[in-house]
Each structure stands twice: as C-alpha cells, then as structure tokens.
Amino acid sequence: MANHDYRELAAIFAGGALGAAARAGLATVMAADPGRWPWPTFIVNIIGAFLVGYFTTRLLERLPLSSYRRPLLGTGFCGGLTTFSTMQVETVRMVEHGHWALAVSYTAASIAAGLLVVHLATVLVRRVRVRG
C-alpha cells in the first residue's frame, strides 16, 4: 500500500483550484477565435512559465525547505493556471481553418516566450541579495 502525504495532496489541490479559477476567469473575459491570436491561453501560459521559474528558484535556492510550498505553488497553482493542452487544441483548430502562419507563430512564440520568462524569473530571484 502506498504511503500518501495527504497534506501535500491538499496543497496541490488548493493551488490547482486557485490556478484553474484564475485561468477560467481570464478565459471568460477574453474568448478565443481560431482566426485570431488566443490571448487568454498565451497570457496564462507565459505568466505560469514566469511563476514556475520564480517559485522553483526561490523555493530551492532562497527559502528553507518546506514540504508544501512547491506542491502548492509549482505543481498546484502553476499546473492549474497553465494550459498547454488548450494551446494544442487551439493550434489544431487554427490549422483546420487554414491559418497555418498563425498556428506556427503562436506555437513558436509560446515556446520562446515561455523559455525566456523562466530564465528572466530565475535571473531576477538570483539577483536579490540574501539577508543574513
């Protein structure tokens, strides 16, 4: 029988619920159209990538170890906030509607911007002096 830490699972659940609610709120305000740039998905994925870089670096390098911060913030919140599966569905719809250039630019921009903001967040966390 597996040994589960139910507090860790609760942290993931709580973070995921908050992240998914934030994403759903943005998607409600900004509806996607296969012929246009899907801003809601792009925005949450880039914000989520930045936060993953920030949380991972800060939690691993700057704060004392905690059993629940990473599951709450990284796995839960960022996992609920980001939606790469929606990005894939939107890309397929763009292709199905003949918007090849939009599909390629959306995919390339999402990957490039995601990697850039992860790097930026990591650099920003590492530049802050640790008080001691």
Side-chain angles (χ1 to χ4, degrees):
M1 183 143 120
N3 184 12
H4 297 289
D5 181 348
Y6 291 104
R7 291 175 294 187
E8 182 178 8
L9 293 175
I12 294 168
F13 176 79
L18 292 171
R23 174 174 39 90
L26 184 61
T28 301
V29 173
M30 304 171 72
D33 170 1
R36 296 177 187 232
W37 194 271
W39 286 109
T41 306
F42 185 78
I43 290 167
V44 297
N45 285 342
I46 300 310
I47 290 170
F50 179 87
L51 291 174
V52 164
Y54 177 84
F55 291 145
T56 301
T57 307
R58 182 146 173 86
L59 296 175
L60 291 176
E61 297 179 10
R62 300 289 190 214
L63 295 176
L65 284 178
S66 164
S67 299
Y68 307 108
R69 285 186 195 126
R70 255 176 81 189
L72 173 73
L73 299 171
T75 306
F77 184 77
C78 290
L81 177 65
T82 59
T83 177
F84 290 97
S85 58
T86 300
M87 179 188 137
Q88 293 171 350
V89 169
E90 290 167 344
T91 303
V92 168
R93 285 187 183 147
M94 290 174 194
V95 169
E96 288 173 345
H97 287 89
H99 304 292
W100 285 90
L102 182 62
V104 170
S105 62
Y106 175 52
T107 301
S110 295
I111 293 168
L115 290 171
L116 179 68
V117 298
V118 166
H119 176 72
L120 176 65
T122 300
V123 167
L124 289 173
V125 170
R126 289 180 177 161
R127 282 197 174 168
V128 173
R129 271 194 219 209
V130 178
R131 295 180 195 164

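All values reported here derive from a predicted model rather than from experimental measurement.
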Aromatic rings Phe42 and Tyr106: how do their planes relate, parallel, tilted or perpendicular, breaks at 30° and 60°?
tilted
Do the non-hydrogen side-chain atoms of [X] and [Y] ever get within less than 4.5 Å of each other?
X      : Y      : result
Leu115 : His119 : no
Phe50  : Val118 : no
Val128 : Leu124 : no
Leu73  : Leu51  : no
Met94  : Val104 : no
Val125 : Glu61  : no

Mind listing the closest non-hydrogen atom pair of [X] and [Y] along with its distance?
X      : Y      : answer
Gly48  : Cys78  : O-SG, 4.0 Å
Ser110 : Ile46  : O-CD1, 3.8 Å
Thr83  : Thr41  : O-CG2, 3.7 Å
Ala49  : Gly114 : CB-O, 3.7 Å
Arg23  : Thr82  : NE-O, 3.9 Å
Gly35  : His99  : CA-NE2, 3.6 Å

Distance-only criterion, 3.5 Å: show the donor-acceptor pairs between side-chain atoms of residues 9-20 and protein atoms not counting sequence neighbours.
none

Determine, using the 4.5 Å side-chain heavy-atom cutoff (strictly less than), whether [X] and [Y] are members of one ILVMFWY cluster.
X     : Y      : value
Val52 : Phe77  : no
Val95 : Phe84  : no
Trp37 : Val92  : no
Ile47 : Val123 : no
Leu59 : Leu120 : yes

Whether the side chain of Ser105 engages the backbone of Leu102 through a donor-acceptor N/O pair (distance < 3.5 Å, no angle test) should be reported.
yes
Could you check whether atom CZ of Arg70 has more than 12 heavy atoms from other residues, nucleotides or ligands sitting under 6.0 Å from it?
no
Any chance CZ of Phe55 has more than 12 other-residue heavy atoms, nucleotides or ligands included, within less than 6.0 Å?
yes
Pairing residues for Arg69 by the salt bridge (charged side-chain N to carboxylate O under 4.0 Å, His left out) criterion, not counting sequence neighbours
none
